[in-house]
There are 2 protein chains.
Amino acid sequence: MRPRRADVLRAARDLIDNEGLDGLTILALAAAMGVPPDGLPYPSRQALLEGVADELLSALAEPPPAGPWDQRLITLAHRLRRALLSLRDGPRLVAEAAVTDPETMHAARTGMQILVDAGLPPDRAAWTVLAVIQFVVGHTIEEQAPRDDTPAKLAATTGDDAAVELGAALTADPGRRFEFGLALIVDGIRRLFQSPA
Amino acid sequence: MRPRRADVLRAARDLIDNEGLDGLTILALAAAMGVPPDGLPYPSRQALLEGVADELLSALAEPPPAGPWDQRLITLAHRLRRALLSLRDGPRLVAEAAVTDPETMHAARTGMQILVDAGLPPDRAAWTVLAVIQFVVGHTIEEQAPRDDTPAKLAATTGDDAAVELGAALTADPGRRFEFGLALIVDGIRRLFQSPA
DNA sequence: ACCTGAACACCGTTCAAGT
DNA sequence: ACCTGAACACCGTTCAAGT
């Protein structure tokens, strides 16, 4: 009989964690579950990837607790980052599966509500929350990218102060760098509230 | 004899433009050039991808013209966006090849210099320019993602005002949305200059 | 009707066989 | 030494053959 979706998704996550996103193949997954390649409850690899991505982002379902809008937005961004990093190659997966998938849209709606509640016009709130999501996606992609020694080499060969500083930044605690970048955007949003509609 | 790197890169770009990034295969490329699969001047597909990515970003070599730091930084960000969008699946390519590849580092160094010239401490300048790059990467990934009808469907099924607004934002002119998000970050950087070191 | 397992047309990479 | 072209171990997807 066909394995259940929940079990397949769990096995798929295990495969990705152990072998990376490229290691998640229909053949390997089917073999692990003891079924033929077309015995999985997903019609294609793409559909399977969307299933995994959707589950990954389901952690964003509930809105952050009440409080000042900036703290709520920051909490939401942290949750999104956590969700994307909770699985190996997670950012790549979500980027490839679909940035506009239902669960991402759900998170976007939550973020938008936070800003609208705080008094921002709906159109600005939508554009703003999309910018935040794009920063989070870009940041996590860089975070999970295989860290080669290019920055160090570049710094050594050029003897350039700027290159050295960039290398240091790239090897710094990614969490603190994330907060720094997020704070930049939030400061920008603050100005948005002060400027006329 | 082996084809020259420049010719191979041009053929690779053509293949990507016509078939997408997944259509760029060693076999297809070799066939198009009339050489065996191992007759290409790149030892592996990964090396080839890095070559294409590097060339894509070489447009960022020269620093933007002199002027106020915010205008210079905005120009650089626009150039990065243009470069990433100049090839089909460009953002995906760069994200997969390596965010820390030499040419990206070069662009980062240029951006850092702009901020240091304007008086920002080097460590803050490095963190800031990385945040800008991450936003640009995230934004272009979303821009080039296959646009399905999820937002519209979501809006229709939920009858939710927020969903409608998000759908409108996603179908709005991406260039204007990019400028809006970039302006948010630049406003945040402005505050950075005003706050004590 | 359903599960089985092979087959199809690919892929990246390697290698022996010729000149 | 070098170019040739097949072979290797895969991949996603499909399908005929059995029960």
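Just so it is clear, the structure is predicted and the values come from calculations on it, not from any experiment. Numbers restart at 1 for each chain; the letters A, B, ... are given by sequence-line order, proteins then strands. No hydrogens, no waters, no symmetry mates; every other heavy atom, side chains included, goes into these values.
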Send over the distance from [X] [atom1] to [N] [atom2], rounded to a whole Å.
| X | N | atom1 | atom2 | result |
| --- | --- | --- | --- | --- |
| B:Leu48 | C:dT13 | CG | P | 10 Å |
| B:Leu27 | C:dC11 | CG | P | 5 Å |
| B:Leu40 | C:dC11 | CG | P | 13 Å |
| A:Leu29 | D:dC10 | CG | P | 17 Å |
| A:Leu24 | D:dC10 | CG | P | 17 Å |
| B:Arg45 | C:dT13 | CZ | P | 9 Å |
| A:Arg2 | C:dC2 | CZ | C1' | 10 Å |
| A:Leu15 | D:dC10 | CG | P | 15 Å |

Of all heavy-atom pairs between [X] and [Y], which one has the smallest distance, and what is that distance?
| X | Y | result |
| --- | --- | --- |
| B:Met112 | A:Leu166 | SD-CG, 3.7 Å |
| B:Ala118 | B:Trp69 | CB-CB, 3.5 Å |
| A:Thr110 | A:Leu60 | OG1-O, 4.5 Å |
| A:Leu76 | A:Ala107 | CD2-O, 3.7 Å |

Self-check item: Trace of the salt bridge (charged side-chain N to carboxylate O under 4.0 Å, His left out) decision for B:Glu143 with B:Arg177
Solution: CA-CA 10 Å; B:Glu143 278 187 72; B:Arg177 244 173 60 223; over 6 Å; no

Practice problem: Provide the full list of salt bridge (Lys or Arg N to Asp or Glu O under 4.0 Å) pairs with a residue in residues 17-46 of chain A, sequence neighbours left out, each pair given once. | Solution: A:Asp22-A:Arg92

Exercise. Could you tell me whether a side-chain N or O of B:Arg72 sits under 3.5 Å from a main-chain N or O of B:Pro64, the two making a donor and an acceptor?
Key: yes

Quiz item: Between the side chain of B:Asp89 and the main-chain N/O of B:Leu21, is any donor-acceptor distance below 3.5 Å?
Solution: yes

Exercise. Could you tell me whether the phosphate oxygens of C:dG12, OP1 or OP2, come under 4.0 Å of any side-chain nitrogen or oxygen in B:Thr25?
Key: yes

Between the protein and nucleotides 14-19 of chain C, list every N/O to N/O distance that falls short of 3.5 Å.
| residue | atom | partner | partner atom | Å |
| --- | --- | --- | --- | --- |
| C:dC15 | N4 | B:Asp38 | OD2 | 2.5 |

Quiz item: If pairs are Watson-Crick or G-U with both distances under 3.5 Å, what is the dot-bracket string of DNA chain D, marking crossing pairs with [ ] and pairs to another strand with |?
Solution: ||.|||||...|||||.||

Practice problem: Take the angle between the ring planes of A:Phe178 and A:Phe135 and call it parallel below 30°, perpendicular above 60°, tilted in between. | Solution: parallel

Quiz prompt | Residue A:Ile26, side-chain atoms from C-beta onward, closest of D:dG12, C:dT13, C:dT4 | solution = D:dG12

